[in-house]
Amino acid sequence: MAQGPQPLMSLDEAWSRLADALSAWPPAVCRQTLPTDQALMRVLAEDVVSTVDVPPHDNSAMDGYALRLSDWQRAGGVGAALPQAQRIAAGQVGATLPEGACARIFTGAPIPAGADAVVMQEHTQRAAQGEAGSDLVTFTQPVQAGQNIRRRGEDIASGQLVLSAGRRLSAASLGVAASVGRAELPVFALPRVGVLTTGDELVMPGQPLPPGGIYNSNRHTLLGLARACGAEPLDLGTVPDHLDTTRAALRDAAQSCDLVVTSGGVSVGEEDHLRQAVLAEGGLDFWALAIKPGKPFVFGWLRRADGGRALYMGLPGNPVASLVTFLLLARPAIGWLAGEGWQLPRATTLPAAFHWPKPDKRREFLRARLNEAGELELHPHQGSGVLSSAAWSDGLIDLPPQTAVQPGDRLRWLPWSELLHPAWGARQP
């Protein structure tokens, strides 16, 4: 394969080509059923339609007294007193409210037949009448029909679609599923993402560092990102810089993974064998991106022994470039494989608190964090090898090519949370 300079591809074009490739790729959407309380951050495989009303009955929104508005009005309005006829706790069903009486009621308890308002206890005064008589309750504030009553089905109606297939389940989603009586949920199996690092210089943390060696940070970063994105990470170890060994490692990885991610070895150096190995074991679609950090990038596929294919992405070896390209390109692919469709992160705009006088010709992703004034503060070292800048920051500034920055300029802002879990919903490519 010729190893001359490659034309740079814009990130938007790379996203478009990746979406097109994935549209013809069968997602790894094997289904399984999990207890609702174990389905956090999994992707829902089927719509959830409620078979009940939520709440299932009219109930009190607070502790207080249920009454009939007309009884209160006949008794004189503000300052009127009504006898307490019964006490209704949550989980109990009271008797029909007698005319001219009220009922002590607690939050969540069903409204007794005949009552049409609840007065919070702070707006009442209670006077005991002794063992033989009912307590008298004086109402010190105006009363309106329907106040402090949660109506049956006001949250969810029977037959209503409450959770759509393809959404990633948050804690609130699990609560909604439980509120309509779902003890189990059908979800897609986690896509298997294998992480293979390359380089003779890499040393595992905890081992002595030899001359010329560096500790393997990419392995831990990428495995952590895969897990945080909702995949099942598979540690494929480190492969030395030899073509035959690299080919064998990729061949083995394809058998057990839906997506194989590597770091390093995708530039044009004499010891960078990954592109040649991928061509021999599968195929390539595009590489060389017009972004900084993250220029050397490879997308392709690997053959499986059964005739199937695994996706392949080769990320740069520099730690920040590896992290950035994973979030921008591997993360959308993982979402597709997980069954949630094609999603890209949604940027907000925030003001800059820094100067950036020397823009690059490539689209830049700068590490920054929010200061107390809600402005973007830039890390002083933006090199692609400065991984500590990513740990320091709250996210990435998405800066267009050839863009200088002055304090106060509004910039596109991508927090880590949005990069990991895009919030704007799925779009099928």
Next item on the list: Decide, yes or no, whether a salt bridge links R151 with D58 under the criterion of side-chain N to carboxylate O below 4.0 Å.
Entry: yes
Note to self: Going by salt bridge (Lys or Arg N to Asp or Glu O under 4.0 Å), name the residues that satisfy it together with R168, two or more places apart in sequence or in a different chain.
What the structure shows: E340
Note to self: Using only atom types and a distance under 3.5 Å, with no angle test, would you say the side chain of E418 pairs donor to acceptor with the backbone of P415?
What the structure shows: no
Checklist line | Under 3.5 Å donor-acceptor, T325 side chain and A321 backbone | finding: yes
Check: Would you say the side-chain atoms of D409 pair up with the backbone N or O of Q406, donor to acceptor, closer than 3.5 Å?
Finding: yes
Note to self: Treating T221 as the side-chain partner and S217 as the backbone partner, does any N or O pair qualify as donor plus acceptor under 3.5 Å?
What the structure shows: yes
Check: Would a 4.5 Å heavy-atom cut-off, applied to side chains only, mark L327 and L225 as touching?
Finding: yes
Check: So, N218 side chain and G317 main chain: donor-acceptor pair closer than 3.5 Å or not?
Finding: yes
Check: With a 4.5 Å limit on heavy-atom distance, are the side chains of Y65 and I105 in contact?
Finding: no
Next item on the list: Examine the side chains of D63 and T107 and answer whether a donor and an acceptor come within less than 3.5 Å of each other.
Entry: yes
Check: Can you tell if the side chain of V405 reaches within under 4.5 Å of the side chain of F354, non-hydrogen atoms only?
Finding: yes
Next item on the list: Find out whether V52 and S158 are in side-chain contact, i.e. whether some heavy atom of one side chain is under 4.5 Å from a heavy atom of the other.
Entry: no
Check: Do R104 and Q121 have side-chain N/O donor and acceptor atoms under 3.5 Å apart?
Finding: yes
Notebook entry, point to check: Does any N or O in the side chain of Q92 come within less than 3.5 Å of the main-chain N or O of A89, such that one atom is a donor and the other an acceptor?
Noted result: yes
Notebook entry, point to check: Could D360 and R362 be called an ion pair, given the rule that one side-chain N must be under 4.0 Å from one carboxylate O?
Noted result: yes
Check: Checking side-chain contact (heavy atoms from CB on, under 4.5 Å) for the pair C257/L236: CA distance, chi angles, key distance, verdict?
Finding: CA-CA 10 Å; C257 299; L236 304 178; 4.2 Å; yes
Margin query: Restricting to non-hydrogen atoms, name the atom on A353 and the atom on N371 that form the minimum distance, rounded to 0.1 Å.
Written below: CB-ND2, 3.8 Å
Check: Do the non-hydrogen side-chain atoms of S10 and W15 ever get within less than 4.5 Å of each other?
Finding: no
Notebook entry, point to check: Just by distance, do the side chain of D258 and the backbone of R192 share a donor-acceptor pair under 3.5 Å?
Noted result: yes
Next item on the list: Taking the side chain as every heavy atom from C-beta outward, state whether M120 and Q141 have any atom pair closer than 4.5 Å.
Entry: no
Margin query: Can a donor-acceptor pair be found, under 3.5 Å and without considering hydrogens, that links the side chain of W72 to the backbone of A81?
Written below: no
Item checked: Salt bridge flag under 4.0 Å for residues R17 and D20 -> no
Notebook entry, point to check: Do the numbers put R367 on top of the ring of W392, so that NZ or CZ is under 6.0 Å from the six-membered ring centre and no more than 45° off the axis?
Noted result: no
Check: Can you tell me if CD on Q144 sees more than 12 non-hydrogen neighbours from other groups inside 6.0 Å?
Finding: no
Margin query: One thing to verify: whether R31 and E46 come together as a salt bridge, which I'm taking to mean a side-chain N less than 4.0 angstrom from a carboxylate O.
Written below: yes
Notebook entry, point to check: Got more than 12 heavy atoms from elsewhere within 6.0 Å of CD, E99?
Noted result: no
Check: Does a side-chain heavy-atom distance below 4.5 Å link L396 with W416?
Finding: yes
Check: Going by atom types only, do N216 and T197 share a side-chain donor-acceptor pair under 3.5 Å?
Finding: yes
Next item on the list: Would you check, one step at a time, whether the test side-chain contact (heavy atoms from CB on, under 4.5 Å) holds for L302 with V278?
Entry: CA-CA 7 Å; L302 300 169; V278 174; 4.3 Å; yes
Next item on the list: Take L366 and L399, measure what side-chain contact (heavy atoms from CB on, under 4.5 Å) needs, and give me the verdict at the end.
Entry: CA-CA 7 Å; L366 308 176; L399 194 64; 3.9 Å; yes
Notebook entry, point to check: If you draw the axis of the six-membered ring of F188, does the NZ or CZ of R42 fall within 45° of it and under 6.0 Å from the ring centre?
Noted result: no
Margin query: For A228, is there any backbone N or O sitting under 3.5 Å from a side-chain donor or acceptor partner on H421?
Written below: yes
Notebook entry, point to check: Is a salt bridge present between R412 and D398, judged by a nitrogen-to-oxygen distance below 4.0 Å?
Noted result: yes
Next item on the list: Flag this pair as yes if the NZ/CZ of R363 is under 6.0 angstrom from the six-membered ring centre of F365 and inside a 45 degree cone about the axis; otherwise no.
Entry: no
Notebook entry, point to check: Between W356 and E364, is any side-chain donor less than 3.5 angstrom from a side-chain acceptor?
Noted result: yes
Checklist line | R251/E281 ion pair, N-O < 4.0 Å | finding: yes
Check: Does a side-chain heavy-atom distance below 4.5 Å link L67 with V119?
Finding: yes
Note to self: With side-chain contact (heavy atoms from CB on, under 4.5 Å) as the criterion, how do F139 and H123 come out once you've worked through the C-alpha distance, each side chain's angles and the decisive distance to 0.1 Å?
What the structure shows: CA-CA 6 Å; F139 300 91; H123 293 169; over 6 Å; no
Next item on the list: Could you tell me the separation between the CG atom of L222 and the OG atom of S322, rounded to the nearest 0.5 Å?
Entry: 4.0 Å
